[in-house]
Amino acid sequence: MSDRPAVVTRFAPSPTGYLHIGGARTALFNWLFARHCGGKFLLRVEDTDRERSTEAAVAAIFEGLDWLGLKADAEPVFQFARAERHREAVMDLVAKGRAYRCYMTPEQADAQREQARAEGRALRSSWRDRIAGPDKDNQPFVIRFKGPVDGDTVVEDLVQGRVTFHNRDLDDLVLLRTDGAPTYNLAVVVDDHDMGVTHVIRGDDHLNNAARQSLIYEALDFTKPAFAHIPLIHGPDGAKLSKRHGAQAVGDYADLGYLPETLRNYLARLGWSHGDDEIFSDEEAIAWFNIADVNKGASRLDWDKLNHINAHYLKSADPHRIADLVLKALAARGTVLEGPLEARLRAAMPLLQDRGKTVLELVDQMAFVIALRPLVLDDKATKSLTEETVARLSRLRDRLQTAPVWTAPDLEALLKDFAEQEAVGFGKFGPALRAILTAGLPAPDLGKTLAALNRDESLTRMDDRLL
RNA sequence: GGUCCCUUCGUCUAUCGGUUAGGACAUCAGAUUUUCAAUCUGGGGAGAGGGGUUCGACUCCCCUAGGGACUACCA
């Protein structure tokens, strides 16, 4: 009897670098499953490798999870802080005869491992059944797990199905290092048990470890959690995701102008599906998510689809929020906007936020809004400003000046009406007007362009060329 | 080398023994058009190969090929 929630999941990164996209998806699946079940999602920092773990990495991972919106339901557990508890468990194992002191030097271990491999079996230390004499009293040793020599270990995996391992292929792995520090496979088992983890959802690079850990669970008399080994994410070329595939860290995606909801949606859809649903809310994902629907095969990152989803969320996002992001991206490029320019950009955002797949693209799409006068026209544009065109645009300018309302639809209508009145097609003045207003920078329909610039700026830019 | 996992359009996927194998992204064509997009309509495009099991296999089994993970006193 316990009051523990029925389902407890955890994300357990080792802080040796930033949070990469694969880890982000693992965290997401854990989060989704816990939410779906009304359970808890925990966080554990696996920092037992003191050499490679860094504060900066811990911060980067927390920041990444935070940005993604994956909040843990309890304070994170730092594995290294629990070393004493891990040692306790190992001593318990030694007392039970399920672990032993091994005095082999690393070199001896390598040699024995090689020999074992040649014989088609895993390493079994020669110290398995020996008690050291006084000669070893002050000699360094490690504590190894005394694995069964025969029989099978079966992992019932929620994603991969039933997977059988032969015990003879499983090493007598080191539980406690020479310096008394616990190793990963031991610490994971003890921590998952102590944290009440019911579902271990992690990358399938750990599937082999699940067998080793199963043995430790049994030796410790711990109840095993359910395992779910989800496939890894590969790069667009099918190879394991690495630096040459570009963005790996979730922070990179933020810098590139992707929204966290985009990543959640896209990543959830990678290796998991709910019928034909492609774009869905967090609530829907939580309601639908089920480990049974997770695929077994690895999937590749597809930038086009990521972009498509991001465009969708960019379109429907709060303009103020997107404006903040555009401003931030601009600032990162060294352009700090304030005052009227910032106000103009913010006001124009609802008109323009559907024009980019990323915030960075939006920055480019908004360049015409914040361009400084006088705009520099290229030769072609300058030549198109014939006497006739200038005269016509001047007439248009006067109408614009007295336009009763300055909104995109009204301006669009005004433009149409003007064309009719002049008895010409848009081709007779549209391109020239566009050149005057944007200097060839990307911009939307003229009605929207005028609206985005606001009346004063539009008229002033026209005056720059027409007067 | 050994152990284990994986394999449906270019990509992400649906299918859970009987479908013209569906959808999304991408792509191509057309429409729209004042630039670039967007949008709309339509098209092409898949069960790795070979054996079985079965009245009937994408679906179940085996082999081959290809891809991946693990094989540390890293996690």
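Residue numbering restarts at 1 for every chain, and letters A, B, ... go by the order of the sequence lines. Only this structure's heavy atoms are used, side chains among them; waters, hydrogens and symmetry mates stay out.
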Does [X] make a side-chain N or O approach to OP1 or OP2 of [N] shorter than 4.0 Å?
X      : N      : answer
A:T48  : B:rA75 : yes
A:K305 : B:rC12 : no
A:N295 : B:rC6  : no
A:R355 : B:rC36 : no
A:K416 : B:rU34 : no

Quiz item: Taking atom types as they are modelled, is there a donor-acceptor pair under 3.5 Å from the base of B:rA75 to the side chain of A:N209?
Solution: yes

For the side chain of [X], starting at C-beta, report the closest nucleotide among [options].
X      : options                : result
A:D169 : B:rC70, B:rG2, B:rA26  : B:rG2
A:L207 : B:rA75, B:rC4, B:rG68  : B:rC4
A:Q79  : B:rA75, B:rA38, B:rU3  : B:rA75
A:R212 : B:rU13, B:rU34, B:rC70 : B:rC70
A:Q160 : B:rC5, B:rA75, B:rC70  : B:rC5
A:R52  : B:rU13, B:rA75, B:rC6  : B:rA75
A:F165 : B:rA75, B:rU3, B:rC25  : B:rU3
A:L270 : B:rG23, B:rC12, B:rU3  : B:rC12
A:K315 : B:rA38, B:rC73, B:rG23 : B:rA38
A:S273 : B:rU3, B:rU13, B:rG22  : B:rU13

Self-check item: Residue among A:N185, A:L186, A:T183 satisfying side chain to side chain contact (heavy atoms under 4.5 Å, CB included) with A:V174
Solution: A:T183

Practice problem: Measure the shortest side-chain to side-chain distance between A:E218 and A:K224 over non-hydrogen atoms and say whether it is less than 4.5 angstrom. | Solution: yes

Quiz item: Is A:H206 touching bases, backbone alone, or none of the nucleic acid, heavy atoms closer than 4.0 Å?
Solution: base

